[in-house]
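Okay, structure first, notes after.
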Protein chains: 2
Amino acid sequence: MDIVNIKKLAKELNISTSTISRAFNGSPDINKDTKERILAFAKEHNFLPNHYASNLRDKKTKTLAVIIPEIANDFFSQAINGIEEVARKKGFYILLYRTDDVFEKEVSFVNYLNNGKVDGIIMSVSGEANDHNYLRQLESKNVPVVFFDRVYEDIDAAKVTTNDYDSSFDATEHLLQTGCRRIAYLVVNKSISIGQVRMQGYMDALKKHNVVFDDELVIDCSNDEKVNYKILTKVLQEIKPDGIFSSVERLAFATYYVCNDLAIDIPKQLKIVSFSSLGIAPLLSPALSTITQPAYEMGIKAANLLFEALEHKAATNHKRHVVLKSKLFIRRSSGE
Amino acid sequence: MDIVNIKKLAKELNISTSTISRAFNGSPDINKDTKERILAFAKEHNFLPNHYASNLRDKKTKTLAVIIPEIANDFFSQAINGIEEVARKKGFYILLYRTDDVFEKEVSFVNYLNNGKVDGIIMSVSGEANDHNYLRQLESKNVPVVFFDRVYEDIDAAKVTTNDYDSSFDATEHLLQTGCRRIAYLVVNKSISIGQVRMQGYMDALKKHNVVFDDELVIDCSNDEKVNYKILTKVLQEIKPDGIFSSVERLAFATYYVCNDLAIDIPKQLKIVSFSSLGIAPLLSPALSTITQPAYEMGIKAANLLFEALEHKAATNHKRHVVLKSKLFIRRSSGE
DNA sequence: TTGTAGGCGTTATCAC
DNA sequence: GTGATAACGCCTACAA
């Protein structure tokens, strides 16, 4: 017997489809025995209500989209874990999308979602200096959005970030205090707000310590490892910084590789601090000093904000911006 | 104007819903001008066909589920990247689910999918010695399944694995050749097939070199880092192996931490080789010798197998098992 | 407590 | 090349 829908089940059981529906939806208006009989029979025949049909009826997808620049990255994968944790408790499922930091992919995916595909969206964005109207359209369709880590300031959505300015200031100051005077700032995308905020912390720390900001020391890197290797090789050979403040984990690793090949001693000749969520930073050679963001907690918080918006549609007008604290871990790469 | 569905669009344009539908589905039976007019108008009003309604009609979800034990793990996140890559090209989306290596979660999620929620499933499994009937039910509903890395041998589905036996044999032999005689085998879940296959390679290498297998040297670890730390501390203090062959990346890291704290010198006092997809293994202190699986390629392959099954439902009867090759990288943790 | 009927938004079939 | 209509599987008034 190949029972596939509520109708056939109804026929088999000599019962109406509505009663069956009630059995599956925790309705109080149903006899306990009837319900048990239905559920038992359904289970036996391996039946479950079709999610798409239910959704078509009541416009609840129980699904949320997570849009991030990359997956194979400790920060993001930990954040996903946090989001998943919350989503699961709520009985929600996750549609995952990776933008590779390409703005167009972000736009096309968000547009695709713009038709009742998901109940809400959690994202870390990829393109700053662009038109963000595709996001405003979601708002008009009541699909709440929560940004985490990388946000668009011009969009009125809930946001979860970390105290990037302070961390960057502290990390730079730390490098200065260990004696660095020519600190390079490594960044992938200067234009996105997070890159700017972090750079501001860096600049202000320099200023406080009367070190002149040198434009040459702001190193714009790429997403391509080989390109970064070349860029950094050139920087270490020609610009010769004595400190590195990396706003992106990947760039710190690239620096390590270059130092290995150029036989530059970390931390003697070059001190390094980097934003990083790598759990095994202490195991690197030398142990990497990190600004570690609470990635998992950020995921949890972002998901909670989303569910708040979902659950009290009304109170959604005051969008919240939650700022969590990162932690600076000083290790051998910037110490003695 | 708040156009939300094909009907209202039709009214606005003085055109039938069928024509609009045709415009969106690349039907040849439509006047080019009409089509352009419709698409332009739709775009202007931010309309897209509702995915759930379409699905209800033609039973194509354009979505596939990816079920894995963990996300924050280089192997799996790289594999997801590969899967995503292929899925995207096919216009498919990904529903991600993490089992935390808990068999019950795997079952409950798969059961949830058992109602037309997705077109296919790619998974790396979590519970070996169990009843896998929940998976057989998918088969009857024509939801193809592809396993990767961790598979159930008793389920007739396409599989993508690596040459685990050979790699394990080679890694163990390498340790023996560097002089190790008491090599501990670290494993998380002895019972799953992948743990067994890797252990067999280990045992056979021992035998070939006339080293007696010692049960005491098979170290059953957990998913909890603190517990592992304790277990490994005890092992290094009491059982005192001179080599470690770790079937799971995480356990190698734990060993590093323990060695740091016990002041055990790697590789002088203890040599280590581990399965690992960590890109920065060379940057560890000391650089970690790894068996590196082609995670990304495995994801690609798994997704391709799934699409094959999806596209030629007929030819699905001979399920394929693809075996890719891992690579042994010998670095300082097991050398001089 | 249970049943009937209409509709969610789309598309395939058939007619024109 | 276009339009009317039924159906996909489910849920919720409303009626009984």
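All heavy atoms count here, side chains included; hydrogens, waters and symmetry mates do not. In what follows, chains are A, B, ... by sequence order, proteins preceding strands, each numbered from 1.
Using a distance-only test at 3.5 Å, with no hydrogens or angles considered, a donor-acceptor pair links the side chain of A:Ser77 to the main chain of A:Asn73. Judged purely by atom type and a 3.5 angstrom limit, B:Arg98 has no side-chain atom pairing as donor or acceptor with the backbone of B:Ile67.
Rounding to whole angstrom units, CG of residue A:Leu13 and P of C:dG3 are separated by 10 Å. In this structure, B:Asn50 places its CG atom 9 Å from P of C:dT11, rounding to the nearest Å. Rounded to whole Å, atom C1' of C:dG3 lies 15 Å from atom NZ of A:Lys11. When rounded to the nearest whole Å, the span between CZ of B:Arg57 and P of D:dA7 equals 10 Å. Rounded to whole Å, atom P of C:dA12 lies 13 Å from atom CG of B:Leu56. Note: CD1 (A:Ile30) to C1' (C:dG3) measures 12 Å, nearest angstrom. Atom-to-atom, CD1 of B:Ile15 to P of D:dG1 comes out at 13 Å; the value is rounded to the nearest Å. Between the CD1 atom of B:Ile38 and the C1' atom of D:dT2 there is a distance of 10 Å, rounded to whole Å.
For A:Lys59 and C:dG9, the shortest distance from a side-chain N or O to OP1 or OP2 is below 4.0 Å. Proximity of B:Ser54 to the phosphate of C:dT11: a side-chain N or O atom is located under 4.0 Å from OP1 or OP2. A close approach under 4.0 Å does occur between a side-chain nitrogen or oxygen of B:Thr19 and OP1 or OP2 of D:dG3. For the OP1/OP2 pair of D:dT2 and a distance below 4.0 Å, the side-chain nitrogens and oxygens of B:Thr34 include at least one atom meeting the criterion.
For A:Lys62 and A:Phe92, the positive end is not near the middle of the six-membered ring at less than 6.0 Å and at most 45° from its axis. At least one test fails for A:Arg88 against the ring of B:Phe109: distance under 6.0 Å to the centre or angle within 45° of the axis.
Between B:Thr162 and B:Gln293, the side chains place a donor N or O and an acceptor N or O closer than 3.5 Å (distance only, hydrogens not considered). In summary, the side chains of A:Ser21 and A:Ser18 do not present any donor paired with an acceptor at a separation below 3.5 Å, with no hydrogens or angles considered.
When distances are taken from the side chain of B:Asp58 to each of C:dG9, C:dT11, D:dT2, the shortest belongs to C:dT11. Comparing atom distances between the A:Lys7 side chain and each of C:dT10, D:dC8, C:dC8 picks out D:dC8 as nearest. Side-chain atoms of A:Asn5 lie closest to D:dC10 of the nucleotides C:dG9, D:dC10, C:dT2. When the nucleotides C:dT1, C:dG9, D:dC10 are ranked by their closest atom to the side chain of B:Ala53, C:dG9 comes out on top. Listed nucleotides: C:dG9, D:dC11, D:dT5. Nearest to the side chain of B:Ser18: D:dT5.
The shortest non-hydrogen separation linking A:Asn223 to A:Asp100 is ND2-O, 4.4 Å.
Take the nearest nucleotide of DNA chain D for A:Leu48 and for B:Thr17: the residue whose nucleotide is more 5' is B:Thr17.
Taken residue by residue, residues 21-29 of chain A places heavy atoms nearer than 4.0 Å to DNA chain D at A:Ser21, A:Asn25.
With axes fitted over five pairs at each extremity, the angle between the ends of the helix from C:dT1-D:dA16 to C:dC16-D:dG1 is 40° (10° resolution).
Checking B:Leu96, B:Val66, B:Ile94 one by one against B:Glu84, the side chain to side chain contact (heavy atoms under 4.5 Å, CB included) holds for a single residue, B:Ile94.
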Let me have the donor-acceptor pairs involving side chains of residues 47-56 of chain A, under 3.5 Å, with sequence neighbours excluded, atom names and distances please.
residue : atom : partner  : partner atom : Å
A:Asn50 : OD1  : A:Tyr52  : N            : 2.6
A:Asn50 : OD1  : A:Ala53  : N            : 2.9
A:His51 : ND1  : B:Lys117 : NZ           : 2.9
A:His51 : NE2  : A:Thr61  : O            : 3.1
A:His51 : NE2  : B:Tyr112 : OH           : 3.3
A:Tyr52 : OH   : B:Lys117 : O            : 2.6
A:Ser54 : OG   : A:Asn50  : O            : 2.9
A:Asn55 : ND2  : A:Lys60  : O            : 2.8

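Using the six-membered ring where Trp is involved, A:His132 and A:Tyr134 have ring planes that are perpendicular, over 60° apart on the 30 and 60° scheme.
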